[in-house]
Amino acid sequence: MTGTTVCLGETMAQITPADGEGLEHSREVRLAVAGAESTVAQYLADLGHRSAWVSRVGDDPLGRRIVAAVGGRGVDVGGVRVDPDAPTGLYLKDPGPDGTRVHYYRRGSAASRMGPRDAERVDLTGARLLHLTGITPALSPGCAELVRLLMERAAQAGVLVSFDVNHRPALWSSLDEAGGVLRDLARRADLVFVGRDEGERLWGTATAEEIHAHLALRGTLVVKDGEVGATEFTGSKREFVAAPAVEVVEAVGAGDAFAAGYLSGLLRGTGSTERLALGHRLAGRALRSIEDYVPADTLEGN
């Protein structure tokens, strides 16, 4: 496997009502592919970077569809293992007047069976960046152990570790458990993405500054605050870039798009303002669509 950025995590088949109505009444649905880490890998490939995605899928049509879709965007999928004994995960989006609810069918999925042995398939040779999220450690104890092991190996190899908190309440037994695990993993990373709302939910931190003080990271922290903007903290330096006005169709997927835009800027060596601005630009594409991933190969000025 070769890749400037290595992303590891579960990707699932996604079912969405084609007419934008709720699942209870919609007559037609669309089948797509969605996963936080593979979405970042695809955006990075769109923007001209080498990227790789590592995971497990089931030996089923959905698993094959996922690997073909992600690989078709130019992402290296050589590190994806087909598990003959477990299914590919599935999730359904249920649009409604109060927003979109998500229903997961991923318990016992192939990706949830990942563990330390899967680290053997993560080749960090020549990599500049390892991107992980807080979704993976919530899937199983083995997945949590794998994430910690990869962070250690990346540090030893001199590879930058990027960690998106990506708190999914439905995957955790309690807020206390999630808050403790995600705080520990964030403190092991070189770069952390977290939503202001996530910080308040997990740690009772109401502002970007409070999140920064609470985590006391050794590296860089990026706090996303929805339509307000995003703030980068690096040591004592603080940089804020307001989010451009966007007519929101659906918010799902915007955080992963933002992370990919920011990481693209980081890989290109741009300054803080440019990195945050590119994150907003990609997030805006996702916000204007019902799709989790909106191909960015047509993005001007990338």
Is the closest side-chain heavy-atom distance between [X] and [Y] below 4.5 Å?
X	Y	answer
Leu185	Pro137	yes
Ser272	Lys237	yes
Leu202	His167	yes
Ser38	Ser55	no
Leu160	Arg128	no
Leu221	Ile211	yes
Arg201	Pro169	yes
Met114	Leu8	yes

Donor-acceptor pair, side chain of [X] and main chain of [Y], under 3.5 angstrom:
X	Y	value
Gln156	Arg153	no
Asp190	Val161	yes
His280	Val241	yes
Asp60	Gly63	yes
Thr270	Gly265	yes
Ser162	His131	no
Ser51	Ala41	yes
Thr88	Gly58	yes
Glu145	Pro141	no
Thr205	Gly199	yes

Any chance you could measure [X], atom [atom1], to [Y], atom [atom2], to the nearest 0.5 Å?
X	Y	atom1	atom2	answer
Thr133	Asn166	OG1	CG	5.0 Å
Leu129	Leu266	CG	CG	7.0 Å
Thr4	His49	OG1	NE2	8.0 Å
Tyr262	Lys224	OH	NZ	12.0 Å
Leu92	Met12	CG	CE	10.0 Å
Leu44	Ser264	CG	OG	6.5 Å

Next item on the list: Examine Leu90 and Leu23 and state if one hydrophobic cluster contains both, with Ile, Leu, Val, Met, Phe, Trp and Tyr joined whenever side-chain heavy atoms are less than 4.5 Å apart.
Entry: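 In one cluster with Leu90: Leu23, yes.
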Looking at [Y] and [X], is any side-chain nitrogen of the basic one under 4.0 Å from a carboxylate oxygen of the acidic one?
X	Y	result
Glu247	Arg288	no
Glu200	Arg196	yes
Arg268	Glu274	no
Asp118	Arg113	no
Glu10	Arg106	yes
Asp46	Arg73	yes
Arg188	Asp184	yes
Arg56	Asp83	yes

Notebook entry, point to check: Aromatic rings Phe258 and Phe193: how do their planes relate, parallel, tilted or perpendicular, breaks at 30° and 60°?
Noted result: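 Correct class here is perpendicular.
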Note to self: Counting only heavy atoms not in Arg101 (residues, nucleotides, ligands), do more than 12 fall under 6.0 Å from its CZ?
What the structure shows: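 It does not: Arg101 CZ has 12 such atoms or fewer within range.
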Next item on the list: Measure from the ring center of Tyr91 to the ring center of His103 and say whether it is less than 6.0 Å.
Entry: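 No, the ring of Tyr91 stays outside the 6.0 Å limit from the ring of His103, centre to centre.
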Notebook entry, point to check: Would the Tyr293 and Tyr43 ring centres measure less than 6.0 Å apart?
Noted result: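 Tyr293 vs Tyr43: aromatic centres under 6.0 Å.
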Notebook entry, point to check: If you take all heavy atoms of Gly195 and Val223, which pair is closest and at what distance?
Noted result: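 Here Gly195 and Val223 meet closest at C-CG1, 4.5 Å.
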Next item on the list: Considering non-hydrogen atoms only, spot the tightest contact between Ala119 and Leu149 and give its length.
Entry: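 Here Ala119 and Leu149 meet closest at CB-CD2, 3.7 Å.
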Margin query: Please determine whether side-chain hydrogen bond (donor to acceptor under 3.5 Å, both in side chains) holds for the pair Thr39 and Glu37, giving the CA-CA distance in whole Å, both sets of side-chain angles, and the decisive distance to 0.1 Å.
Written below: CA-CA 5 Å; Thr39 293; Glu37 300 84 3; over 6 Å; no
